[in-house]
Amino acid sequence: MDSLVESGWQYLVSNFSDFQLACIGSFIVHETVFFLSGLPYILLERTGFLSSYKIQTKNNTPKAQGKCIAWLLFYHSCVNFPLMMFSYRVFKFMGMRSSFPLPSWKVVSAQILFFFIIEDFVFYWGHRILHTKWLYKNVHSVHHEYATPFGLTSEYAHPAEILFLGFATFIGPALTGPHLITLWLWLVLRVIETVEAHCGYHFPWSPSNFLPLYGGADFHDYHHRLLYTKSGNYSSTFVYMDWIFGTDKGYRKLKALKET
């Protein structure tokens, strides 16, 4: 496995520059994982397949789904891509490198765990601030247009909010200066996680059934279907921040009622 990864990475660094890998490569990684992981949930909703696992009975109309996709394509191509092109100096300032040797799996795993923890902490407080009256009305309400979320709605948001989310995602790498392969793996896992949290389905194989501190779709779906002043469940990945600060009380009460 290690030799296969090294061979593939050798091909990349031999045929593409640091700039191409860090900027264009990172954009391609994000877009590929985001749409490949998010589009299947649109098909599930339209066909009704596996509907017994859908958290809400309400479905989004094809028009609403199309609006989300069109906005994402526009924003990703006209904002995200140019931003990535100008971010090379930021990547280098972070200490990012693409050269050999590749980091060990122990280092990669430790860094990514740290990224998840720090991102969740920053996201929690930023998300709570976005639910104050003015910011919700002028910024965060865009994301909450979809009270019944589906995978791709995870990045349907006001441009200012997208920039904040980018800050939360990259603060961990900025503090540690990871290898580019670690950064790509972090992007892959973070995108899959946020798409899953917005997917609108709770399956028997959902990560929250196996990872005690993981929030997942059921946890975040509750946040979307309530009024902004009463929503709670502000964390992005884990549940402990909401538990510590008491912003998951409504969710826990609802779960207790369902279980009885």
Side-chain angles (χ1 to χ4, degrees), residues 1-2 4-13 16 18-42 72-73 75-77 80-81 83-84 87-88 90-91 94-98 102-120 122-123 149-157 162 165-199 201 203 205-208 210-211 213-217 220 235-238:
M1 180 64 179
D2 287 346
L4 183 63
V5 173
E6 289 178 354
S7 297
W9 198 257
Q10 181 64 57
Y11 173 82
L12 290 175
V13 297
F16 301 98
D18 269 0
F19 173 82
Q20 290 171 323
L21 291 174
C23 300
I24 301 175
S26 297
F27 179 78
I28 291 173
V29 168
H30 173 272
E31 296 302 296
T32 301
V33 176
F34 177 68
F35 283 104
L36 285 182
S37 61
L39 285 172
Y41 294 109
I42 287 183
L72 288 169
L73 290 173
Y75 185 80
H76 285 192
S77 60
N80 282 16
F81 184 70
L83 191 62
M84 275 287 190
S87 63
Y88 182 64
V90 177
F91 282 120
M94 286 164 44
M96 183 277 301
R97 64 179 182 86
S98 59
L102 298 179
S104 69
W105 287 111
K106 288 183 179 179
V107 170
V108 172
S109 300
Q111 287 184 331
I112 288 179
L113 177 60
F114 173 71
F115 297 165
F116 269 114
I117 292 171
I118 194 71
E119 189 279 338
D120 192 67
V122 173
F123 186 97
F150 54 94
L152 295 181
T153 60
S154 56
E155 294 193 8
Y156 180 87
I162 293 294
L165 294 176
F167 172 76
T169 299
F170 282 100
I171 188 170
L175 292 172
T176 59
H179 193 280
L180 182 59
I181 199 170
T182 307
L183 183 64
W184 282 4
L185 184 56
W186 160 236
L187 282 177
V188 168
L189 294 175
R190 177 69 182 107
V191 168
I192 291 174
E193 180 276 322
T194 192
V195 167
E196 193 275 334
H198 289 82
C199 74
Y201 290 82
F203 301 111
W205 55 86
S206 293
S208 57
F210 308 101
L211 303 175
L213 296 178
Y214 183 82
H220 194 69
S235 296
S236 60
T237 304
F238 305 114

Can you tell which of Phe81, Phe19, Phe34 makes a ring pair (Phe, Tyr, Trp, His ring centres under 6.0 Å) with Phe27? Phe81

Please list, chain by chain and in numerical order, all residues satisfying ring pair (Phe, Tyr, Trp, His ring centres under 6.0 Å) with Phe203, sequence neighbours excluded. Tyr53, Tyr201, Trp205

Can you name the side chain to side chain contact (heavy atoms under 4.5 Å, CB included) partners of Ser7, sequence neighbours left out? none

How far apart are the closest heavy atoms of Ile162 and Ala157, and which atoms are they? CD1-CB, 3.9 Å

Can you find a pair of side-chain heavy atoms, one from Val5 and one from Ile181, that are under 4.5 Å apart? yes

Here the pair of heavy atoms bringing Pro207 nearest to Glu196 is CD-OE2, 3.8 Å

Count the heavy atoms belonging to other residues, nucleotides or ligands that lie under 6.0 Å from OH of Tyr11, then report whether that count exceeds 12. no

Worked verdict on Val29 versus Val191 for side-chain contact (heavy atoms from CB on, under 4.5 Å): CA-CA 10 Å; Val29 168; Val191 168; over 6 Å; no

For Tyr41, give me all partners under ring pair (Phe, Tyr, Trp, His ring centres under 6.0 Å), at least two apart in sequence or on another chain. none

Interatomic distance, Leu185 atom CG to His179 atom NE2 [nearest 0.5 angstrom]: 12.5 Å

Scan residues 27-39 for pairs that pass side chain to side chain donor-acceptor pair (under 3.5 Å), counting only residues two or more places apart or in two chains. His30-Glu155, Glu31-His76

If you measure from CG on Leu113 to CD1 on Ile117, what distance do you get to the nearest 0.5 Å? 4.0 Å

Do Phe35 and Val195 make a side-chain contact, defined as non-hydrogen atoms from C-beta onward lying under 4.5 Å apart? no

Could you measure the distance from the CZ atom of Phe238 to the CG atom of Leu211? Nearest 0.5 Å is fine. 8.5 Å

Heavy-atom pair of closest approach, residues Cys23 and Ser87: SG-OG, 4.1 Å

Any salt bridge (charged side-chain N to carboxylate O under 4.0 Å, His left out) pairs touching residues 166-182, not counting sequence neighbours? none

Where is the tightest heavy-atom contact between Ser235 and Phe123, given as atom of each residue plus distance? C-CD2, 4.0 Å

Inter-residue atom distance His198.NE2 - Glu193.CD, 0.5 Å rounding: 9.0 Å

Enter the distance from Ile42:CD1 to Cys199:SG here, rounded to the nearest 0.5 Å. 12.5 Å

For Leu83, check side chain to side chain contact (heavy atoms under 4.5 Å, CB included) against everything at least two apart and list the hits. Leu163

Partner set under ring pair (Phe, Tyr, Trp, His ring centres under 6.0 Å) for Phe16, not counting sequence neighbours: none

Kindly write out the residues that satisfy side chain to side chain contact (heavy atoms under 4.5 Å, CB included) with Leu180, not counting sequence neighbours, or none if the list is empty. Trp9, Leu21, Ser26, Met96, Ser98, Leu183, Trp184

Contacts of Val90 that satisfy side chain to side chain contact (heavy atoms under 4.5 Å, CB included) - sequence neighbours left out: Met94

Go through the structure and list residues passing ring pair (Phe, Tyr, Trp, His ring centres under 6.0 Å) with Trp186, not counting sequence neighbours. Phe115, Phe116

Donor-acceptor contact present, side-chain Ser154 to main-chain Gly151, <3.5 Å: yes

Which residues pass the salt bridge (charged side-chain N to carboxylate O under 4.0 Å, His left out) test with Glu119, not counting sequence neighbours? Arg190

Between OG1 on residue Thr194 and CG on residue Leu152, distance to nearest 0.5 Å: 11.0 Å

Under the salt bridge (charged side-chain N to carboxylate O under 4.0 Å, His left out) test, which residues partner Asp120, sequence neighbours left out? none

